[in-house]
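Beneath this line is the structure, given in C-alpha cells, with notes to follow.
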Amino acid sequence: MAEAAELPVFTRQVRERRGPGLLARFFFAAEGTARTQQFARGLALWTGAYALTQWPHREELYSRPVLREGWLDAWLDGWVPPPALVTGLLVVLLVAAATVAAGRGGRAGRVTTAALFGLLVGLEASTPRAYAELAALQWLFVALAPTGPRGPRWTARLLMLQLSAVYVFAALSKLVEGTAWWSGEAVVLVFRSSHQGQHLLSAWLSLTPGPLALALAWSTIALELAIGFGLWFARTRRVAALALVLLHAGIAASMRVSLLFHALMLLHLLLFIGRRGDED
C-alpha cells in the first residue's frame with residue numbers, strides 16, 4: 001500500500017479558459033444602447049427632412065418615363081411608379097419616421113422606416129446620391145439593432161466604422177488618384193466649377209494655383225484622416241469632432257452640396273460623444 005501511495009497520480013490537465021478575443025469584444029461586448037437609440041431618433045428626423053425635400057419634386061424624381069438609372073430599374077423592366085404610389089409611400093415614410101423620432105414603434109417602426117426609405121431611394125429615376133445610399137445602409141443597421149437598454153455593441157461599431165471609412169477612403173483616394181490634390185489644382189477646379197463651386201466663399205475668393213490652394217488641399221486630406229482615426233480614441237476625440245465640424249463648415253461655405261449631406265455626417269457624432277474609449 002505504501003508503494004502504491006508513492007506512485008505518481010496522473011490527472012487530466014485543465015486548460016485555462018480564455019476570454020473572448022479582441023475582435024469579439026470589439027463587436028459583441030455588452031454596452032448601453034443609449035447612443036444607438038439617439039442616433040436612430042436623429043436618423044428618423046433626418047429621414048423626415050429628406051422626404052419633405054423630395055415631396056415637391058416627387059413626380060420628376062420618381063415617375064419620369066425616361067432612361068432610368070435607379071437601383072431597382074434593372075428589376076422593374078421599364079415600369080415607372082405612378083405619382084399616386086410615390087405620394088403614398090412618402091406619406092407613410094413620414095409617419096413611420098415621426099414614430100421612430102418620438103422613440104416609439106420599437107423594432108417594427110425601425111424596420112418599416114428602413115424598408116420604405118430604401119424602397120424610395122431605389123425607385124428614384126437617377127442613380128441615388130451618395131449620402132442617400134449611406135443613409136439606407138445605416139437604416140439597415142439601425143433596423144437590426146438591439147432594442148433593450150443593453151446589448152451587444154455590433155450595431156454602434158458598424159455605424160461608427162462606416163463613418164470612418166467615408167473619410168479615410170476619401171483621403172486615400174485624393175492621395176492615389178493623381179497629383180491634382182498634391183499640387184492643389186483640384187481645389188482650384190472645385191472652386192471654379194459651375195456645378196459645385198462659385199458658391200459663397202468660392203465665388204468671393206478668386207483662387208489660383210499656389211500656396212493657398214496647396215494649403216487648402218492638404219488641410220482637407222489631414223482633416224479627413226484626423227476624423228477617420230481620431231474619433232476612436234478618447235485623447236483625440238474632441239479634436240476629431242472639431243475637425244468634422246470645420247470640414248463640413250468649409251464645404252458648406254464653398255461648395256453647392258446639399259445640407260442633408262452635412263447633417264447626416266454630423267449626426268454620427270452622437271455615436272462617439274461620451275465614449276471613454278473602446279473599452280466601454
Side-chain angles (χ1 to χ4, degrees), residues 39 42-43 45-50 52-54 57 121 124 126-138 159-232 236-273:
F39 179 82
L43 186 60
L45 288 172
W46 182 92
T47 301
Y50 176 90
L52 290 175
T53 61
Q54 303 289 91
H57 315 287
V121 170
E124 285 195 45
S126 57
T127 304
R129 286 145 290 183
Y131 64 81
E133 293 180 302
L134 174 62
L137 179 60
Q138 303 302 58
L159 292 168
M160 295 158 73
L161 284 170
Q162 190 63 37
L163 179 76
S164 292
V166 169
Y167 293 101
V168 171
F169 283 102
L172 293 179
S173 68
K174 291 177 176 62
L175 291 172
V176 303
E177 68 185 4
T179 60
W181 279 94
W182 297 8
S183 64
E185 180 185 356
V187 179
V188 176
L189 294 175
V190 168
F191 270 47
R192 294 178 179 178
S193 168
S194 59
H195 177 58
Q196 290 184 322
Q198 300 180 35
H199 172 69
L200 300 178
L201 178 61
S202 57
W204 168 77
L205 180 62
S206 181
L207 190 66
T208 58
L212 179 57
L214 191 64
L216 289 173
W218 282 100
S219 64
T220 300
I221 295 171
L223 287 172
E224 289 172 339
L225 290 174
I227 295 164
F229 293 108
L231 285 172
W232 289 93
T236 57
R237 188 164 296 137
R238 290 184 179 180
V239 174
L242 179 60
L244 180 62
V245 174
L246 289 176
L247 177 65
H248 283 276
I251 296 173
S254 56
M255 296 174 62
R256 282 191 291 272
V257 178
S258 173
L259 293 178
L260 288 170
F261 163 65
H262 303 299
L264 179 62
M265 307 314 286
L266 292 171
L267 178 63
H268 286 75
L269 287 177
L270 292 175
L271 298 164
F272 292 93
I273 291 173

Roughly how far, to the nearest 0.5 Å, is OG of Ser258 from CG of Leu264? 10.0 Å

Trp181 side chain to Trp218 main-chain N or O, any donor-acceptor pair under 3.5 Å? no

Kindly give the heavy-atom pair with the smallest separation between Ala170 and Ser173, and that separation in Å. O-OG, 2.8 Å

Sub-4.5 Å side-chain heavy-atom contact between Met160 and Leu231: no

Under 30°, 30 to 60°, or over 60°: which ring-plane class applies to Tyr167 and His248, parallel, tilted or perpendicular? perpendicular

With rounding to the nearest 0.5 angstrom, report the CG to CG distance, Leu244 to Leu269. 5.0 Å

Can any side-chain N or O of Ser254 pair as donor or acceptor with the backbone N or O of Gly250 at less than 3.5 Å? yes

Side-chain heavy atoms of Pro209 within contact of Glu185, under 4.5 Å: no

So OG of Ser164 and CG of Leu225: to nearest 0.5 Å the spacing works out to 11.0 Å

Report the distance from atom CG of Leu242 to atom OG1 of Thr236, rounding to the nearest 0.5 Å. 12.5 Å

Using the side-chain contact (heavy atoms from CB on, under 4.5 Å) rule, take Leu214 and Trp182 through it: C-alpha gap first, then chi angles, then the decisive distance, then the call. CA-CA 7 Å; Leu214 191 64; Trp182 297 8; over 6 Å; no

Is there side-chain contact between Lys174 and Thr220, with at least one heavy-atom pair below 4.5 Å? yes

Determine whether a donor-acceptor pair (N or O, by modelled atom type, separation under 3.5 Å) exists between the side chain of Trp46 and the backbone of Ala263. no

Nearest heavy-atom contact between Ala243 and Leu223 is CB-CD2, 3.5 Å

Is there a donor in the side chain of Gln138 and an acceptor in the side chain of His268, or the other way round, less than 3.5 Å apart? yes

Kindly indicate whether the side chain of Thr208, heavy atoms from C-beta on, has any atom under 4.5 Å from the side chain of Val188. no

Between the side chain of Ser193 and the main-chain N/O of Gln196, is any donor-acceptor distance below 3.5 Å? yes

Shortest non-hydrogen contact from Leu260 to Ala49? CD2-CB, 4.1 Å

Enter the distance from Leu216:CG to Leu205:CG here, rounded to the nearest 0.5 Å. 8.0 Å

Mind listing the closest non-hydrogen atom pair of Ala226 and Ala240 along with its distance? O-CB, 3.5 Å

Closest contact, heavy atoms only, Pro128 versus Val121: CB-CG1, 3.6 Å

So does Ile273 get a backbone contact from the side chain of Arg237, meaning a donor-acceptor N/O pair under 3.5 Å? no

Given Glu224 and Val168, is the side-chain contact (heavy atoms from CB on, under 4.5 Å) satisfied, shown in steps? CA-CA 6 Å; Glu224 289 172 339; Val168 171; over 6 Å; no

Looking at CD1 of Ile251 and CZ of Phe261, how far apart are the two atoms once the value is rounded to the nearest 0.5 Å? 5.0 Å

Polar side-chain atom of Arg256 near backbone of Gly197 as donor-acceptor pair, under 3.5 Å: yes

Considering all heavy atoms, the nearest Val166-Met265 contact: CG1-CE, 3.8 Å

Assert yes or no for the condition that the ring centre distance of Phe191 to His199 is strictly below 6.0 Å. no

Using 30° and 60° as the class limits, which term best fits the ring planes of Tyr131 and Tyr50: parallel, tilted or perpendicular? perpendicular

